[in-house]
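Below: the structure, in structure tokens.
These values consider heavy atoms only, across backbone and side chains, with no hydrogens, waters or symmetry-generated copies. Throughout, a chain's letter reflects where its sequence line sits, starting with A, and its residues are numbered from 1.
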2 protein chains.
Amino acid sequence: MSDKKITITRTALQLFINKGIHAVGINEVIKQSKVAKKTLYHHFPSKEVLIISTLQYRDQLFMQWLEQRLLTVDAPKLAIIEIFYALDDWFNSRVTTLGNFHGCFFINACAEYQDPDCAINRCCKTHKSNVQDLVEKYVSQFTANADSAALLTKQICILKEGAITTALVQQDLQAALKLIEVVKLLLRGG
Amino acid sequence: MSDKKITITRTALQLFINKGIHAVGINEVIKQSKVAKKTLYHHFPSKEVLIISTLQYRDQLFMQWLEQRLLTVDAPKLAIIEIFYALDDWFNSRVTTLGNFHGCFFINACAEYQDPDCAINRCCKTHKSNVQDLVEKYVSQFTANADSAALLTKQICILKEGAITTALVQQDLQAALKLIEVVKLLLRGG
DNA sequence: TATCAGGTAGACCGATCTGTCCACTAATAT
DNA sequence: ATATTAGTGGACAGATCGGTCTACCTGATA
């Protein structure tokens with residue numbers, strides 16, 4: 001990928017995260033990127049494709065961060081708990097690669113593009129299913145029954161979504177920590 | 001409130017819920033409302049005020065529905081569980097007063113208006129705190145310690161947000177049901 | 001009967017939107 | 001040496017944005 005293309009993607013991502021997608025125009029993106037409009041349209045045929053590019057870039061960033069983070073613990077149950085400490089760092093803007101917390105980009109994008117068939121919405125679903133797969137990788141290590149593992153995975157993911165949403169809407173930056181005991185309760189049960 | 005004003009508010013609410021706020025222009029609102037532009041601007045000095053009106057109207061609708069719903073059970077712990085059955089009805093569009101499920105209007109609005117000082121964002125926080133107060137009313141009936149009650153209330157609310165977000169983004173309409181056992185586990189602990 | 005609020009349709013304002021196009025430059029690959 | 005690719009700045013097009021305004025109609029109230 002060309003330098004300019006990456007610059008544009010990164011700039012657009014930042015703007016979309018801070019202000020929302022519909023609220024940011026192409027003109028603002030090119031101005032901030034210090035790039036000619038022709039250059040943007042050379043790399044991206046439309047705003048929609050640019051949006052999808054930012055979603056994919058963010059998915060990459062987020063997954064790499066979370067995967068690395070979970071490698072630092074050695075027991076699968078501890079990895080599940082570590083997710084919520086990781087979320088706490090994210091909410092409190094202690095993760096430089098993720099930037100200042102503005103909620104989950106994919107949840108926010110879904111709110112703006114609700115048509116389940118549109119490419120943007122599908123990107124968001126893909127990201128969430130990527131995260132879910134990562135969670136399941138750990139859950140299945142201590143849950144023999146496949147159905148139980150699937151359910152526990154889903155429950156943990158729902159808790160995670162709740163923490164993210166609460167941190168954004170209520171500005172409760174301790175939301176993830178408040179779930180630690182709930183997660184431990186769930187893991188004890190499983 | 002005048003008939004026209006209510007009509008405009010209701011129409012705008014439906015459009016905002018279905019398409020997102022930034023994606024809906026004033027012209028679309030007046031066309032769908034079958035109302036002159038002057039009439040809209042007679043009742044609402046700006047789009048922002050109209051948005052706030054739709055948020056307040058939705059808050060009223062939602063709170064009335066949930067309060068009524070929780071009156072149908074007679075034990076406070078059952079009321080907490082009932083919340084999630086109520087959510088399930090909402091997700092699966094079985095609640096006529098709430099319309100087809102498109103996620104939580106307040107979460108979605110927050111995604112588009114993130115400035116914590118702006119009136120729209122504050123409306124969303126107000127709604128969430130209204131719901132939280134209702135939950136706390138029931139939780140405090142079986143939780144003597146005030147701090148414990150506050151924490152349990154918050155945890156239940158976070159679970160609720162997770163279910164809503166998951167139902168929207170992953171289109172998992174069973175999200176609320178998957179939490180029932182988690183809630184029971186929490187209530188047993190408390 | 002006079003007044004006035006609430007309503008109609010739609011022209012109009014300046015700004016902004018996405019996207020196209022032109023003329024030109026610089027570097028690179030064949 | 002020539003062709004291609006990536007880039008520049010910016011004019012331009014057609015549509016839509018939020019919002020203002022004029023001119024007119026209707027029905028209730030003082």
Is the positively charged end of Lys5(A) above the ring of Phe44(A), judged by distance under 6.0 angstrom from the centroid and angle within 45° of the axis?
yes
Run the ring-ring contact (aromatic ring centres under 6.0 Å, His included) test on His102(A) and Phe16(A) for me, step by step, so that the C-alpha distance in whole Å, both residues' side-chain angles and the decisive distance to 0.1 Å come before the verdict. CA-CA 10 Å; His102(A) 283 88; Phe16(A) 291 158; over 10 Å; no
Scanning both residues in full, the closest heavy-atom pair of Pro116(B) with Gln171(A) reads CB-NE2, 3.2 Å
Minimal heavy-atom distance between Val73(B) and Leu78(B), with the atoms involved, is CG2-C, 4.0 Å
Nt span of DNA chain C in reach of chain B heavy atoms at under 4.0 Å, 5' end first, is dG6(C) to dG10(C)
Between His127(A) and Phe106(A), how do the two ring planes meet: parallel, tilted or perpendicular, split at 30° and 60°? parallel
When rounded to the nearest 0.5 Å, the distance separating CD of Gln60(A) from CH2 of Trp65(A) is 16.0 Å
Salt bridge (charged side-chain N to carboxylate O under 4.0 Å, His left out) pairs touching residues 122-143 of chain B, sequence neighbours excluded, are Lys128(B)-Glu161(B)
Counting primed atoms, P, OP1 and OP2 as sugar-phosphate and everything else as base, the B/S/- map of nucleotides 12-28 of chain D against protein heavy atoms under 4.0 Å is -----SSBBBB------
- request: Using only side-chain N and O atoms of Lys4(A), determine if any of them is under 4.0 Å from OP1 or OP2 of dT8(D).
  value: yes
Would you say that Leu50(A) contacts Ile26(A) through its side chain, given a criterion of any heavy-atom pair below 4.5 Å between the two side chains?
yes
